[in-house]
**Student:** 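This is the structure I have questions about; it appears just below.
Bear in mind that the values here come from a model prediction, so they are computed numbers and not experimental data.
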Amino acid sequence: MRRLLSCLLLLAAMSHHAWARDLSPSEQDKLKTQIERFSTALNTQDFETVGRTVPPKIFEFIAGDAGISVDQLRSALTAQMQMALAAVKITEFTMDTGAISVGETPDGTPYALIPTKTVMETGGQTIEAKSHTLALIDDADWYLLRVSDQQQVTILRKVYPAFANVKFPEDSMQPVK
């Protein structure tokens with residue numbers, strides 16, 4: 001019996017991050033503002049602003065790993081996004097702010113997962129992608145990051161080790177008929 005109780009207590013301690021605190025009204029307002037900023041920037045193809053929604057520590061890590069400056073990385077990312085979207089037309093982009101799920105890392109850092117839908121046309125085909133965008137707080141500011149890309153998740157976990165055991169939902173892509 002004591003062993004069962006110990007196991008239950010261990011499980012409760014390990015899953016503590018699932019019982020996240022609610023976001024404060026200020027945090028909610030800042031998150032909503034960042035989501036709107038990102039959505040507007042993406043829809044107007046303002047890739048410089050899109051890049052500014054990524055956590056600075058992520059940029060610093062990637063730039064350091066590549067042996068370039070953060071400014072060089074930002075310029076390269078903007079150019080890459082422009083080229084990628086030259087072949088793809090985004091016809092719909094939505095972040096479902098009514099279905100945000102809030103979590104907390106083991107160190108108490110709050111985060112949010114935002115259901116995200118992108119409909120795009122490429123090569124004469126329309127494709128719908130359903131994913132989640134991670135919103136995380138760093139120095140009281142919200143930043144956004146795709147968590148459907150394993151490479152980005154790996155970098156996230158190196159830069160923010162508190163996310164090491166956070167499970168992210170699977171994404172899906174399918175042709176629209």
**Student:** What side-chain donor-acceptor pairs closer than 3.5 Å can you find for residues 119-135, not counting sequence neighbours?
**Tutor:**
| from | atom 1 | to | atom 2 | distance (Å) |
| --- | --- | --- | --- | --- |
| Thr122 | OG1 | Ala87 | O | 3.3 |
| Thr133 | OG1 | Thr116 | OG1 | 2.7 |

**Student:** Which residues pass the side chain to side chain donor-acceptor pair (under 3.5 Å) test with Asp149, not counting sequence neighbours?
**Tutor:** Arg146
**Student:** Can you name the residues that form a side chain to side chain contact (heavy atoms under 4.5 Å, CB included) with Ala84, not counting sequence neighbours?
**Tutor:** none
**Student:** If we only count heavy atoms from C-beta on, is the Leu136 to Pro55 side-chain gap below 4.5 Å?
**Tutor:** yes
**Student:** For Thr109, give me all partners under side chain to side chain donor-acceptor pair (under 3.5 Å), at least two apart in sequence or on another chain.
**Tutor:** Asp107
**Student:** Would you call Leu156 and Val166 a side-chain contact if the rule is heavy atoms closer than 4.5 Å?
**Tutor:** no
**Student:** Sequence neighbours left out, what pairs pass ring pair (Phe, Tyr, Trp, His ring centres under 6.0 Å) with at least one residue falling in residues 155-177?
**Tutor:** Tyr111-Phe163
**Student:** To check you understand the geometry: which heavy-atom pair defines the closest contact between Asp171 and Ser148, and what is its length?
**Tutor:** OD2-CB, 3.3 Å
**Student:** Sequence neighbours left out, what pairs pass salt bridge (charged side-chain N to carboxylate O under 4.0 Å, His left out) with at least one residue falling in residues 152-161?
**Tutor:** none
**Student:** Suppose we screen for side chain to side chain contact (heavy atoms under 4.5 Å, CB included). Which residues come up paired with Gln45, at least two apart in sequence or across chains?
**Tutor:** Phe47
**Student:** Are Ile114 and Asp96 close enough that some pair of their side-chain heavy atoms sits under 4.5 Å apart?
**Tutor:** no
**Student:** Determine yes or no for a side-chain-to-main-chain donor-acceptor pair under 3.5 angstrom, with Ser39 supplying the side chain and Glu36 the backbone.
**Tutor:** no
**Student:** Could you report the tightest heavy-atom contact between Ala112 and Trp142, atom names first, then the distance?
**Tutor:** N-CZ3, 4.2 Å
**Student:** Should Val54 and Leu145 count as side-chain neighbours, where that means a heavy-atom distance under 4.5 Å?
**Tutor:** yes
**Student:** Could you walk me through whether Leu31 and Ile100 pass the side-chain contact (heavy atoms from CB on, under 4.5 Å) check?
**Tutor:** CA-CA 11 Å; Leu31 176 57; Ile100 292 174; 4.2 Å; yes
**Student:** With sequence neighbours left out, which residue pairs that include part of residues 37-53 fulfil the salt bridge (charged side-chain N to carboxylate O under 4.0 Å, His left out) condition?
**Tutor:** none
**Student:** Test of understanding: with salt bridge (Lys or Arg N to Asp or Glu O under 4.0 Å), list the residues that count as partners of Asp138, not counting sequence neighbours.
**Tutor:** Lys57
**Student:** Sort and list the pairs that fulfil ring pair (Phe, Tyr, Trp, His ring centres under 6.0 Å) and have at least one residue in residues 79-98, not counting sequence neighbours.
**Tutor:** Phe38-Phe93
**Student:** Would you list the atom pairs, donor with acceptor, under 3.5 Å between side chains in residues 59-74 and any protein atom, with sequence neighbours excluded?
**Tutor:**
| from | atom 1 | to | atom 2 | distance (Å) |
| --- | --- | --- | --- | --- |
| Ser69 | OG | Gln72 | N | 3.0 |
| Ser69 | OG | Gln72 | OE1 | 3.3 |
| Gln72 | OE1 | Ser69 | N | 2.8 |
| Arg74 | NH1 | Gly51 | O | 3.2 |

**Student:** Out of curiosity, does Val88 fall in the hydrophobic cluster containing Met173 (side-chain heavy atoms, cut-off under 4.5 Å, transitive links)?
**Tutor:** yes
**Student:** To the nearest 0.5 Å, tell me how far Lys30 NZ sits from Ser24 OG.
**Tutor:** 8.0 Å
**Student:** Going by heavy atoms in the side chains, are Pro169 and Leu113 under 4.5 Å from each other?
**Tutor:** yes
**Student:** Could you give the distance from OG1 (Thr118) to CD1 (Ile90), rounded to the nearest 0.5 Å?
**Tutor:** 6.0 Å
**Student:** State whether the number of non-hydrogen atoms from other residues, nucleotides or ligands found under 6.0 Å of Gln80 atom CD is greater than 12.
**Tutor:** no
**Student:** Are Tyr143 and Ile137 grouped together when hydrophobic residues (ILVMFWY) are joined by side-chain heavy atoms under 4.5 angstrom apart?
**Tutor:** no
**Student:** If I take atom CD from residue Glu27 and atom CG from residue Asp141, how far apart are they, to the nearest 0.5 angstrom?
**Tutor:** 11.5 Å
**Student:** Among all residues two or more places apart in sequence or in another chain, which pass the side chain to side chain contact (heavy atoms under 4.5 Å, CB included) test with Thr94?
**Tutor:** Glu92, Lys117
